[in-house]
Amino acid sequence: MMRSLYSGVSGLRTHQTRMDVIGNNIANVNTTAYKAKTMNFSDMLYQTTQAGTAANPSNNTGGTNPRQIGLGVKGAAINTSITQEGANQSTGNPFDLKISGEAFFVVSDGTSTYYTRDGSFDVDDDGNLVMSSTGFIVQGWGVDKEGKIVQTVGPLNVMGDNEAAPAATTSARITGIVDAEDSKLETDEGYQLSVELYDKAGYLYNLQFGVLPTMAESTTTISTNNTETEYALPSELFKVDMSELTYTYTDAADNTKKTLKSTEMPETLLRKLEQAARDAAYGGKVATGVTVNGTPELGQKGDLVTINLKNFIAADPDLQQEVLENGKLNEITELVVNFSGGVGFVKTKPDSYPVKDALVVSEEAVEKLGYTAGGTGSVMSYTRADTSSITAIVQTYTDVNGDAVTKYVFKDGAGNKIEPGEFTNDISKILELFKTGEGKKNTYVTNSPQTGTTAVPKEYKLTLLRMLDNEKNEVNIDALKNNGTTSWDLIFNKEDGQFRYVGSEGNDTFTVNLSAIDQKFENLTIDASKTQNVGNEKKSTLSGKKIDGYKVGKLTGVSIGTDGLITALYSNGVQKTLGQVCVGKFPNAMGLENAGDNLYQVTASSGDVQICDIKAEGIGAITTGVLEMSNVDLSQQFTDMITTQRGFQANSRIITTSDSLLEELVNLKR
């Protein structure tokens, strides 16, 4: 009878413990990533009043079962539903993470390592990814200098550099159709397309190409009106420096090199500085305070002149009062004058600088027309001894195809034709410059047999026409032209119009050696293999596109992928890997010990943690902007609460009934 009392007591205690577990589950129904716990019961030791016996065939008796009386109930285990995921709760916060699968985030307080399913993270003032509730730092793998993951576990910093460094463009692509019947192919510069590129500092440039057909010509004699206009070329041309001048000085306050803007100088001083610099560099006329660096040649680029500003101003009384009113100039001792370089030709000697409308042509073309260089200085004269020895005739007529044709013919004094050869285009430009009333000698029209040509596009030539900077200013590409690297054959199969090669047999790419212009550029390799040649649409569709290179980028955001990779995003499209969230998995996750604050600790039962890449190991994925909710099932908890309550009531009845029996036993004495 006393045994039943103690059995009832054990039942009360065990059911009370189970009620405590249920109460804790219900209390944490809205706790992020909380895992519900369940309690299992087991019976206690038994008192054996008679052991079991075996059968005895000799006495014809059977065996007997053991007689045992139980001593109550006890709690067998309290298990955590680790493997059951909670529902998703969308937050929109990019640093809120949810793990699918049985893995855990790894966090540290600097001394101990903990594990959690709670992915409500934030960023502290040092850029570390931390638990928003405890401030514990999320652990993961960092990156090396090349941005590759280094699998050494440590704190994760999710704030990258505020800027992404620029990179020069090294590759581009030309795609589309060259249509043999496109009228744009018949223009002076052909069908034009452009390719953008960045230099090493992230500044944007534009290469403009022209596609021109090389013609297979058959000569035909036709009768047509041939209008010829004869021009006498001028006796003198002027080669001029086209440099823009910039003025730099060393700031004594911080010892840095700075540029003195034109707006910071009086107009008179600016004009006299420019004249003095050009006279010193090219004219041999060196003013007070002016020093020439080396022996510059006309059109040279670089720091050609140094001016002691104080001495220069002191030698010119007209400047002194004007400069006294400008405090900034009084702080500058020495100016270095940088010439941008470049030359051109004009027909009238200029009286001011810089000369921006000069004709840029080769000196060989000028000399081909009989001009001889003479004189020195910032303006060099080119003269011809006999002004009548060469005439230029512009012929215009309609060819056998019905197309208007303009040809340039140059003749010497004896009437013999001069063949400019490779300088034809430059000479044509010179003629256009001087086609004025005073140079015109005669115009006449003939209706006589005229040699014409029937032309069919045979192949194509892709030519670099010009290079523009971001402000549409033309960049000098003479260094490329002089090396013959601005034109490439573009060859197609005549049967099907498919691309065969560019430049030379076997190549589908060509290289523009931009580093020859300036070391701030990388050489550009262009793939032209995706072009075609057709002849029925009358419209070409060629276009160019850069493949790499970018400007300076500003940090615009940070993202975390399903594999835990943390990526910084920049305004120029660059993405940098900052690290990777690693996860821990256990042989027996149910053996982890709760440490409060949604944290778990390793125990002997859980086994050692294995740090891994969640996607590579195939154990789950990470979702951003989502948190895992509690996996507590309220319907199950309320049902368990009812059964627990009934069990508690039943056990209390054991005690009251046993007490009544004891009371009857005591009353027997009466």
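Sequence positions, counted from 1, serve as the residue numbers for this chain.
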- Message: Quick check: closest heavy atoms across Leu245 and Tyr247, and the distance to 0.1 Å?
- Response: CD1-OH, 3.8 Å
- Just checking, is any N or O donor in the side chain of Thr169 or Asp548 under 3.5 Å from an acceptor N or O on the other one? no
- Query: Does a donor on one side chain sit under 3.5 Å from an acceptor on the other, for Asp613 and Gln580?
  - Reply: yes
- Query: Is it true that a side-chain atom of Thr525 and a backbone atom of Thr511 form a donor plus acceptor pair closer than 3.5 Å?
  - Reply: no
- Are Phe345 and Lys239 side-chain neighbours, meaning at least one heavy-atom pair lies under 4.5 Å? yes
- Query: Do we see a donor-acceptor contact under 3.5 Å between the side chains of Lys184 and Ser540?
  - Reply: no
- Nearest non-hydrogen partners of Leu212 and Asp188, listed with the distance: CD1-O, 3.8 Å
- Query: Is a side-chain N or O of Asp527 found less than 3.5 angstrom from the main chain of Arg173, in a donor-acceptor match?
  - Reply: no
- Task: Kindly give the heavy-atom pair with the smallest separation between Val558 and Pro94, and that separation in Å.
- Result: O-CB, 4.5 Å
- Task: Find the distance between CG (Leu490) and CZ (Arg500) and round it off to the nearest 0.5 Å.
- Result: 11.0 Å
- Would the Tyr198 and Tyr205 ring centres measure less than 6.0 Å apart? no
- So CD1 of Ile547 and OG1 of Thr170: to nearest 0.5 Å the spacing works out to 8.5 Å
- Task: Could you check whether the rings of Phe492 and Tyr460 sit parallel, tilted or perpendicular, using 30° and 60° as the cut-offs?
- Result: perpendicular
- Message: Could you report the tightest heavy-atom contact between Tyr550 and Ala165, atom names first, then the distance?
- Response: CE1-O, 3.2 Å
- Query: To the nearest 0.5 Å, what is the distance between CZ (Phe521) and CE (Met467)?
  - Reply: 3.5 Å
- Item | Closest contact, heavy atoms only, Ser340 versus Ser243 | OG-CA, 3.3 Å
- Message: Parallel, tilted or perpendicular: which one describes the rings of Phe510 and Trp488, with boundaries at 30° and 60°?
- Response: tilted
- Query: Hey, what do you get for CG (Leu480) to OG1 (Thr486), rounding to the nearest 0.5 Å?
  - Reply: 7.0 Å
- Item | Tyr382 side chain near Glu363 side chain, heavy-atom distance below 4.5 Å | yes
- Message: Rounded to the nearest 0.5 Å, what separates atom CG in Leu193 from atom CD1 in Ile174?
- Response: 5.0 Å
- Item | Backbone of Gly147 reached by a side-chain donor or acceptor of Asp144 within 3.5 Å | yes
- Note on the structure: Between the NZ atom in Lys546 and the CD1 atom in Ile526, the distance rounded to the nearest 0.5 Å is 13.0 Å
- Message: Please determine whether a side-chain nitrogen of the Lys or Arg among Arg466 and Glu189 lies less than 4.0 Å from a carboxylate oxygen of the Asp or Glu.
- Response: yes
- Message: Between the side chains of Glu236 and Lys349, is the shortest nitrogen-to-carboxylate-oxygen separation below 4.0 Å, so that they form an ion pair?
- Response: no
